[in-house]
Amino acid sequence: MKKTTGMDRAATRNWRPATRAVRGGTWRSEHGETSEALFLSSGFTYDNAASVAARFSGDEEGMTYSRLQNPTVAMLEERIALMEGAEACRTQASGMAAMTAALLCQLSAGDHVVAARAAFGSCRWLVDHLCPRFGIEATVIDAAVNEEWDRAIRPNTKVFFFETPANPTLDVVDLQYVCDLARAHGIVTVVDNAFASPVLQRPLEFGADVVAYSATKLMDGQGRVLAGAVCGSQDFIDNVLLPFQRNTGPNLSPFSAWVVHKGLETLDLRARAQSVSSAELGRFIEPRVARMLHPGLPSHPRNELATRQMPNGTGPIFAFEVPGGREQAFALLDALGLIDISNNIGDTRSLLCHPASTTHASMSEEAREAMGVTEGLLRINVGLEDIDDLKEDIDRALAKAGL
Ligand SMILES: *Cc1c(COP(=O)(O)O)cnc(C)c1O
């Protein structure tokens, strides 16, 4: 009997999450390789002219050109779809390519978007600057207040766009409430799930329509490649996203797809372990700082909701505020001996950054303040180092910064 491949949905849908992460989307060639093959090929060849015609017409399955399909990319897309519990997935060259595709594939002039105020800087740029240029109106709200979603709806509202937990203030959105509201009004929810990954949170289970990723973050998780993904129903992917993606070409390279595919094999372990360390480091830092923003700690205003939506852990990222503003934040960063100063997240290495001068520097000071990105705010990604080494490093740096 031939073994089940990871491309056979009838079999793979019975696999539990950790098995999907290791074996989902495995599509072996005639060589029977253990690790998935890397098909670095832009084009494909055909045995005869009738065959190429049949492939282009869709009568025959098979590859034609890597902007349309590629075996390595298809393996990654199948694995992500399985892990997410989605009917289908397509990948893009970066998280921002994924967000842009997820929005622009379905929005037209005259439509209205409601988006969360607390968001990754470039996601806010899409909403604040790109959408209006094409006649798409946007309203930005405090997404952590349920009623603000109700109040923002207009007759032409087409999309709700938000992340949870949000970058960099770790605001938590009530997925069930917002997705139910959207359903009732025929609005499409697009959730940026980069901070969580499918191991920690699966928005489709709460009724979300589209889940978009920066796969650069936890999915690769080792600081190697940029990647993005969009998951949704087969109908959405085939009839809404693909016409946009196939003709505009924000595709992920097979090489990067292969790297992310390898990252997914350890995602379940990494996401859980980094969540545990993140909670422990958060508890260690909390008494020494002015404000702690950690969805996994009781001091977070939506701690109960966060742990219900993310039962396997609230992720590796949290933020905290030092009372002495930028000067004290920089003093703390400069005193680190082990943890790196870096704006990346989801990495196996612990990284600390000052959002107001980096990831959110291009926003106006007013918009930053409204978002809670103060001059004393620091955001940390907790990696896989020994927690005691991380505590010692932070302890030393806090003391040097006078905390
Ligand atoms: C990093 C990030 C993005 C953008 O992803 P890239 O891969 O850097 O393009 C989008 N949303 C969130 C929440 C992110 O953290």
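Each ligand, and each atom within it, is numbered from 1 in the order the structure gives. Index from 1, following the sequence.
Looking at atom 14 (C) of ligand 1, its nearest protein heavy atom turns out to be K217 NZ, 3.0 Å. The protein heavy atom nearest to atom 12 (C) of ligand 1 is D192 OD2, 3.3 Å. Of the protein's non-hydrogen atoms, the one nearest atom 7 (O) of ligand 1 is T216 OG1, 2.6 Å. Counting protein heavy atoms only, atom 4 (C) of ligand 1 is closest to F120 CE2, 3.4 Å.
Around atom CD of E61, no more than 12 heavy atoms belonging to other residues, nucleotides or ligands sit under 6.0 Å away. Atom CD of Q234 is surrounded by more than 12 heavy atoms from other residues, nucleotides or ligands within 6.0 Å. For N247, the CG atom counts as densely surrounded, since its 6.0 Å shell holds more than 12 non-hydrogen atoms of other residues, nucleotides or ligands.
The side chain to side chain contact (heavy atoms under 4.5 Å, CB included) with L267 is formed by just one residue from the set V22, D220, L200, V199; it is V199. With L175 as the partner, the side chain to side chain contact (heavy atoms under 4.5 Å, CB included) test is satisfied by one option alone out of L305, L204, V191: V191.
Residue nearest to atom 5 (O) of ligand 1, selected from A196, A215, A93, S214: S214 (by heavy-atom distance).
Residue G95 has at least one nitrogen or oxygen atom sitting less than 3.5 Å from a nitrogen or oxygen atom of ligand 1, judged on distance alone. Checked against a 3.5 angstrom limit, the closest N/O atoms of M96 and ligand 1 fall inside it.
Taking the charged nitrogens against the carboxylate oxygens, D209 and R183 do have a contact shorter than 4.0 Å, which makes a salt bridge. Taking a cutoff of 4.0 Å between a charged side-chain nitrogen and a carboxylate oxygen, R23 and E265 do not qualify as a salt bridge.
Ring geometry for W149 versus F160: interplanar angle of 30 to 60°, hence tilted.
When each atom of ligand 1 is checked for a heavy atom of S94 under 4.0 Å away, the hits are 7 (O), 9 (O). Using a 4.0 Å cut-off to heavy atoms of N167, the atoms of ligand 1 that qualify are 15 (O). Contact atoms of ligand 1 toward F195: 15 (O) (distance under 4.0 Å to a heavy atom of the residue). Shown in contact with I345 at under 4.0 Å from a heavy atom are these atoms of ligand 1, numbered in order with element: 15 (O).
Heavy atoms of E163 found under 4.0 angstrom from ligand 1 belong exclusively to the side chain.
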